[in-house]
There are 2 protein chains.
Amino acid sequence: MAVTLADVATRAGVSAATVSRVLSGNYPVAGATRTRVMRAVEELQYVVNGPASALAAATSDLVGVLVNDIADPFFGIIASAVQGEMGTGVQGGSGGQKLAVVCNTGGSTESELTYLTHLQRQRAAAVVLTGSGVEDEKHGAALATRLRRLAAGGTRIVLCGRPPLAPPGQKEGQESQEARERGQDHGQGQGQEQDPERAHGREAARTPPDEGEPAPAPGDGIVTIAFDNRGGSRRLTEHLLSLGHRSIGYVTGPADRTTTRDRLEGHRLALRAGAPELLAQAEQFTVHGGAYDRSSGYDGALELLRRVPDLTAVLAANDTVALGICAALRDQGLRIPEDVSVAGFDDLPFSADASPTLTTVRIPLHDAGARAGRLALGRETPPPGGVATVRTELMARGSTAPPSGRRA
Amino acid sequence: MAVTLADVATRAGVSAATVSRVLSGNYPVAGATRTRVMRAVEELQYVVNGPASALAAATSDLVGVLVNDIADPFFGIIASAVQGEMGTGVQGGSGGQKLAVVCNTGGSTESELTYLTHLQRQRAAAVVLTGSGVEDEKHGAALATRLRRLAAGGTRIVLCGRPPLAPPGQKEGQESQEARERGQDHGQGQGQEQDPERAHGREAARTPPDEGEPAPAPGDGIVTIAFDNRGGSRRLTEHLLSLGHRSIGYVTGPADRTTTRDRLEGHRLALRAGAPELLAQAEQFTVHGGAYDRSSGYDGALELLRRVPDLTAVLAANDTVALGICAALRDQGLRIPEDVSVAGFDDLPFSADASPTLTTVRIPLHDAGARAGRLALGRETPPPGGVATVRTELMARGSTAPPSGRRA
DNA sequence: GCCCGTTCAGCAAGCGCTTTCTATTGGTGG
DNA sequence: CCACCAATAGAAAGCGCTTGCTGAACGGGC
């Protein structure tokens, strides 16, 4: 039905092997032959059969990108940065091109796992997990196990915007046993001896410098690009404190997310260091938002105002929430920043041109995503220890100012 | 290396064929056997090798979703609706589950084609193209050809939110021939007559009855879910006219996009019908925005104000642009809707809780996406003629009101 | 003039799974 | 009691591509 390699070979008057080699471009082929083959390919509009080639070569050109919310620019920016790295840095041949596919988990641990299964089934070349992870004991373990299995199978794993995986617990139950068994089988039967080259090639690629040791040091080869949420949040709160605020509300993100926790912790750290007297009532000043969305901010601000009428500043889990807060405050007749200061987190594009411009913490999402992409492709050497933390930067803008004292 | 079907078979004491059948569940297998196999699968943590099975079965479980801007909720909503349909309606077996992968074209025709190549290579089960297409003669032809080839190869094609493909020109031949035609087009310039074909195609699509010809009329199996942008836009303008506005600005979307054109056309149609005297200066009241984003609206509004100081209403290409317009107007000290009315398009979630709530035109994006997903899976019978147009609905809200007369 | 190193192309063996066709049952009706 | 059929399971032939190995042709050095 479809055009096959053999068809092209016939047309070009060569063998299928030669066509394959011309297309992958990793084998010497005489110029004339190459030209003839390319012409045949053109004429026949030949397109490689991905599954077949993936099967034969035991590689795939799929790279999965898991995001919590496809409609959130936070993820959109990361995802497109990752995609941007996929087609680059290769010669003419269509080889080397990867297909980045973004999978929308909707923040559900279940579909996260489902997608991983799909990607594993496709033998994806790499998987990039973005955004905050869910802090659930059970899920965390399941996820870690799964990721390590994937990594062991040759899929590169990159975490972007979430903390590194916890080291494998001592429990793991049957899983570990299974794994162990399988490992043994391999060693003896078809394992390393079967295709020492491939295995070796992979190792070499992963650890150019340090090798020699049998044990993969920080090991499993899972790379992490963490965001310094805590530090950024801390600096943000310090900024507010230094402006003179002492009545600072906080609307968090959804519970059980690493990002939510880290940002809140940073906030508390700043309080502890700069205004310990506020710590006692900290919980009173904290509203736990249900999501990283606008309405969460709107409702949170209202709740906060109810609890603390003389509020002079509100911190948000992220920029989107901050915008919701702004809306709520305005609806209550409060001016920003004269009556209440507001600050967000992430520095998404719209924050700079909101009115007033939003004070926030900038995360270099694009850079982080691009780096994640390169790591996923193995085009960049992993950071020492397998973990890199990207710096965050306070962007003090129009939405924060000293408390006017006019209220309260 | 990885666990294979054969491993499972050995462990379960059956043949590989049996395991395969148990997993795909489309063949009678004795209960006891099935149980044994399932247990072995569990114990070995077996995951099917996608490429191998795709190769053998000549099918794939990939469904591609092409979007113009992954960070825009418009696409996010459609994409997640499509994804939502993927895993549904199947029994226990992991069969039937498809993997919806979203590919971000960034609105570039080039990467649209690149992604299609990738998906063709993967032998994707279906491809859903969302959002406005680019109105470029050359690209349009290339795209149509490509899509038809894909469709011919068994990949289901669904267009969601863009007009149906132009019928295959009499050409289709070699590149050279297309090039020739292009040359002619250039020579003549680009008047309205430039794409008579498309216009005709649309007509035909709208009127399924007229057919009868042997030609595979709606044929190629490519299904379209079009949005009634023109009608919605027209109703929106009618709304403004009926409120008494006579000085109505319009900030368009990016040039050469079907959606941009259709919405503007709807607007002009309403003017022609309801206030023909305004048509003469229509171009004066129209600012051509560069993108469907906020800053495009902000800048557009400023420009409009410069040209037409006594503006009483502004229509935006979409909601995001409308928000930018609102920001600009506010920054100019104008109140909405007292001084100027503003309206958007799409009715994205944030529009309902903006302040003031935004008058807009609702497109059932979720429903449309879900339907596209079902069509892609072949779980819903295509509409007659292969084209369905989803209705749009005027949502009159707080951002529009009668002109106050206070200004101008 | 012979031998060997190069270069380039073909052969053929799989990759792991699906699926057709065939074999082995155990039951049934005549 | 035997031929026959339904129900299951297995054997084996690919699916289209990659790649190790073999082979042919050519050139240069001794």
Side-chain angles (χ1 to χ4, degrees), chain A residues 1-37 40-41 44 46-61 93-96 120-123 153-154 190 194-201, chain B residues 1-10 12-37 40-41 44 46-61 93-96 120-123 153-154:
Chain A
M1 178 182 186
V3 182
T4 72
L5 238 207
D7 298 333
V8 177
T10 305
R11 176 135 191 167
V14 299
S15 73
T18 301
V19 176
S20 169
R21 295 200 260 248
V22 167
L23 291 178
S24 55
N26 51 18
Y27 193 86
V29 174
T33 311
R34 172 188 312 281
T35 311
R36 217 153 10 106
V37 170
V41 167
L44 261 30
Y46 172 68
V47 174
V48 185
N49 181 319
S53 104
L55 173 58
T59 63
S60 155
D61 58 356
S94 58
Q120 182 175 2
R121 177 175 320 186
Q122 298 298 332
R123 301 296 188 262
Q190 38 165 268
Q194 190 188 35
D195 55 359
E197 296 194 351
R198 186 178 302 143
H200 179 271
Chain B
M1 177 173 192
V3 183
T4 71
L5 237 207
D7 298 334
V8 176
T10 305
V14 300
S15 72
T18 301
V19 177
S20 170
R21 295 200 262 246
V22 167
L23 292 177
S24 56
N26 52 18
Y27 193 86
V29 173
T33 311
R34 173 190 310 282
T35 311
R36 220 156 3 110
V37 170
V41 167
L44 262 28
Y46 172 69
V47 175
V48 185
N49 181 317
S53 103
L55 173 58
T59 64
S60 155
D61 58 357
S94 57
Q120 183 175 2
R121 178 174 320 184
Q122 299 297 331
R123 302 296 190 259

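Lettering follows sequence order; numbering is per chain, from 1.
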Find the distance [X]:[atom1] to [N]:[atom2] and express it as a whole number of Å.
X: Gln122(A); N: dG16(C); atom1: CD; atom2: P; result: 16 Å
X: Asp7(A); N: dG16(D); atom1: CG; atom2: P; result: 9 Å
X: Asn26(A); N: dC8(C); atom1: CG; atom2: C1'; result: 14 Å
X: Asp61(A); N: dC17(D); atom1: CG; atom2: C1'; result: 13 Å
X: Arg36(B); N: dT8(D); atom1: CZ; atom2: P; result: 14 Å
X: Leu23(A); N: dC17(D); atom1: CG; atom2: C1'; result: 11 Å

Rounded to 10 degrees, the angle between the two terminal axes of the helix from dG1(C)-dC30(D) to dG30(C)-dC1(D), each from five pairs: 50°
Per the salt bridge (charged side-chain N to carboxylate O under 4.0 Å, His left out) rule, what does the pair list look like for residues 13-29 of chain B, sequence neighbours excluded?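 For residues 13-29 of chain B: none.
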Output yes when at least one side-chain N/O atom of [X] is less than 4.0 Å from OP1 or OP2 of [N], else no.
X: Ser20(A); N: dT18(D); value: yes
X: Thr18(A); N: dA9(C); value: no
X: Ser53(A); N: dG16(D); value: no

Checking Thr10(B) side chain against Ala6(B) main chain: does a donor-acceptor pair fall under 3.5 Å?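 Here the side-chain-to-backbone pair exists.
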Taking all non-hydrogen atoms of both residues, which atom of Tyr46(B) and which atom of Leu23(B) are closest, and how far apart?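 Shortest heavy-atom separation between Tyr46(B) and Leu23(B) comes out as CE2-CD1, 3.6 Å.
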For Val8(B) and Val19(B), work out which heavy atoms get closest and say how close.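 That closest heavy-atom pairing would be CG1-CG1, 3.8 Å.
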Any residue meeting side chain to side chain contact (heavy atoms under 4.5 Å, CB included) with Val47(B), in chain and number order, not counting sequence neighbours: Gln120(A), Arg121(A), Arg123(A)
Go along nucleotides 20-25 of chain C 5' to 3' and tag each nucleotide: B for a protein heavy atom under 4.0 Å from its base, S when only backbone or sugar atoms are that close, - otherwise. B-----
Side chains of Thr4(A) and Asn49(A): closer than 4.5 Å at any heavy-atom pair?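 When only atoms from C-beta onward are counted, Asn49(A) and Thr4(A) do not touch, as no gap falls below 4.5 Å.
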Interface polar pairs with nucleotides 13-15 of chain D, N/O, under 3.5 angstrom:
| unit_1 | atom_1 | unit_2 | atom_2 | d |
| --- | --- | --- | --- | --- |
| dC15(D) | O2 | Ala56(B) | N | 3.4 |

Check residues 51-61 of chain B and write down every donor-acceptor pair under 3.5 Å in which the side-chain atom is one partner and the other belongs to a residue at least two apart or another chain.
| unit_1 | atom_1 | unit_2 | atom_2 | d |
| --- | --- | --- | --- | --- |
| Ser60(B) | OG | Leu62(B) | N | 3.0 |
| Asp61(B) | OD1 | Gln122(A) | NE2 | 2.6 |

Distance-only criterion, 3.5 Å: show the donor-acceptor pairs between side-chain atoms of residues 25-36 of chain B and protein atoms not counting sequence neighbours.
| unit_1 | atom_1 | unit_2 | atom_2 | d |
| --- | --- | --- | --- | --- |
| Asn26(B) | OD1 | Ser24(B) | OG | 3.1 |
| Thr35(B) | OG1 | Gly31(B) | O | 2.8 |
| Arg36(B) | NH1 | Ala12(B) | O | 2.8 |

My understanding is that only residues two or more places apart in sequence, or in another chain, count here; which of them pass salt bridge (Lys or Arg N to Asp or Glu O under 4.0 Å) with Arg11(A)? Glu43(A)
